[in-house]
Amino acid sequence: MIVVGVDGSRAGLEAVAWAAKEAHLRDVPLRVAYAMPRWACEDQGGRYASVATWMREGAATVVAAGLDRARREEPEVVADSVLLPGDPRAALIAASEQAELLVVGNHEMGRLRGMLVGSVAYGVAGHARCDVVVVREAPPMTLGEVVVGVDGAGTGENVLRFAFTEARLRGVRLRVVHAFGRGPHEFAEDRPELERLRELLTGWRERHQDVEVAEDLVKGHPAEVLRQAGERADLLVVGSRGRGGFAGLVLGSISQAMLHQAPCPLVVVRTSPGTPHRG
């Protein structure tokens with residue numbers, strides 16, 4: 001199942017549209033989720049009964065719009081909706097326990113770096129129990145490429161598994177990007193860095209012979225290199241690579257940067273030890 005969070009915004013509906021298409025590709029059901037205060041979900045009487053009723057009616061309108069968008073995008077996908085009690089971040093993280101993919105919209109809230117991504121997207125990308133897709137706005141046309149970022153520290157198998165699977169499902173090329181250092185540079189074919197990259201991909205190529213793979217070894221800041229690669233992609237895939245209980249530490253610097261800068265839908269794949277991977 002794919003779970004997509006909505007909140008009545010345009011970004012939420014863009015997330016629904018993306019999630020419906022992904023559910024069609026995977027042949028799985030879609031659940032449209034809306035979070036609201038617990039008291040409003042549960043209150044059936046008392047002093048604030050009328051306010052709770054008004055909030056539930058508003059929530060019903062939001063999820064109905066989400067379901068309508070999903071069914072217009074992919075009529076054959078089985079879709080339902082759910083109201084989640086509590087803070088949106090905590091509620092969606094809890095909902096991710098039963099999901100293979102959690103999809104949220106990305107709200108651009110201002111020009112300061114810390115405000116370029118909505119708190120819900122930032123929070124769930126750091127803590128969800130499944131892989132997370134953050135959708136600011138899907139490309140207006142299919143560009144025919146999935147991009148995955150790999151690093152010299154050893155990219156987790158979950159990241160490459162997700163990227164190869166997505167490329168196969170979509171029938172598009174997979175571009176594997178390894179960036180290091182700073183500044184432009186031309187690499188010879190026999191450079192050790194390129195050989196290590198090809199060695200990393202050998203087994204994956206053998207298991208996914210139906211996927212066209214392109215290798216990019218680029219000297220430059222990884223965040224900027226991936227941002228530029230994402231401009232030509234339908235999907236950008238990165239790993240969490242972080243450590244610790246705070247969102248910033250769980251995510252790691254590159255995935256954090258991509259949450260702010262990715263020009264296409266971004267997948268943050270769970271790579272923490274002991275974290276379950278679905279799909």
Side-chain angles (χ1 to χ4, degrees), residues 2 15 18-19 21-23 25-26 96 99-104 106 117 121-122 124-126 128-139 142-180 197 200-201 203-205 207-208 210-218 222-242 250-272 275-279:
I2 294 176
W18 190 95
K21 293 174 182 176
E22 185 70 11
L25 285 175
R26 295 183 179 218
S96 73
E100 63 184 73
L101 201 61
L102 175 62
V103 184
V104 294
N106 183 347
V117 60
Y122 192 79
V124 301
R129 302 301 294 171
C130 64
D131 302 329
V132 175
V133 182
V134 180
V135 180
R136 177 180 292 115
E137 187 172 354
T142 299
L143 301 174
E145 190 163 278
V146 170
V147 169
V148 59
V150 301
D151 60 41
T155 299
E157 285 197 0
N158 288 349
V159 177
L160 287 171
R161 181 183 297 112
F162 190 103
F164 271 91
T165 298
E166 279 296 310
R168 177 180 56 79
L169 286 172
R170 295 163 181 264
V172 301
R173 176 175 53 248
L174 175 62
R175 184 169 299 278
V176 183
V177 178
H178 174 43
F180 64 97
L197 177 58
L200 172 68
L201 295 176
W204 294 97
R205 286 181 182 274
R207 293 192 295 272
H208 298 271
D210 54 341
V211 176
E212 178 188 353
V213 180
E215 304 152 345
D216 276 2
L217 184 67
V218 184
E224 178 60 19
V225 170
L226 288 175
R227 185 195 65 76
Q228 292 180 8
E231 292 177 349
R232 307 184 302 273
D234 299 307
L235 192 65
L236 175 61
V237 183
V238 298
S240 57
R241 293 292 298 170
V250 172
L251 285 175
S253 60
I254 302 305
S255 48
Q256 284 187 69
M258 290 301 94
L259 279 171
H260 294 281
Q261 301 173 25
C264 64
L266 171 73
V267 185
V268 179
V269 177
R270 296 291 294 182
T271 59
S272 301
T275 299
H277 178 86
R278 302 174 177 86

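Worth saying up front: this structure is predicted, and the values here are computed from it rather than measured.
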Could you state the interatomic distance from CD (Glu166) to CZ (Arg161), rounded to the nearest 0.5 Å? 13.5 Å
Determine the minimum heavy-atom distance between Leu101 and Arg26, stating which atoms define it. CD2-NH2, 3.9 Å
From CD (Glu231) to CG (Leu226), nearest 0.5 Å: 11.5 Å
Considering non-hydrogen atoms only, spot the tightest contact between Arg270 and Asn158 and give its length. O-ND2, 3.2 Å
Please name the pair of heavy atoms, one in Arg129 and one in Ser96, separated by the smallest distance, quoted to 0.1 Å. N-OG, 2.9 Å
To the nearest 0.5 Å, tell me how far Leu259 CG sits from Arg136 CZ. 9.0 Å
Nearest heavy-atom neighbours spanning Leu102 and Ala128: CD2-CB, 4.0 Å
Min side-chain heavy-atom separation Val269-Val148 under 4.5 Å: no
First locate atom CD of Glu157, then atom CH2 of Trp204, and finally report the distance between them rounded to the nearest 0.5 Å. 5.0 Å
Report the C-alpha distance between Val172 and Glu145 in whole Å, list the side-chain angles of each, state the deciding distance to 0.1 Å, and finish with yes or no for side-chain contact (heavy atoms from CB on, under 4.5 Å). CA-CA 5 Å; Val172 301; Glu145 190 163 278; 5.6 Å; no
How are the rings of His260 and Tyr122 set relative to one another: parallel (under 30°), tilted (30 to 60°) or perpendicular (over 60°)? tilted
Can you tell me how far the CG atom of Leu174 sits from the CG atom of Leu201, to the nearest 0.5 Å? 8.0 Å
If we only count heavy atoms from C-beta on, is the Val238 to Val159 side-chain gap below 4.5 Å? no
Shortest non-hydrogen separation from Val176 to Val213 and the atoms involved: CG2-CG1, 4.0 Å
Measuring from Leu266:CG to Asn106:CG, what's the distance to the nearest 0.5 Å? 8.5 Å
Do Ile2 and Glu22 have side-chain heavy atoms sitting under 4.5 Å apart? yes
Please confirm whether the backbone N or O of Val146 pairs with a side-chain atom of Asp234, one donor and one acceptor, at under 3.5 Å? no
Work out which heavy atom in Val177 is nearest to a heavy atom in Ala229; give both atom names and the distance. CG2-CB, 4.2 Å
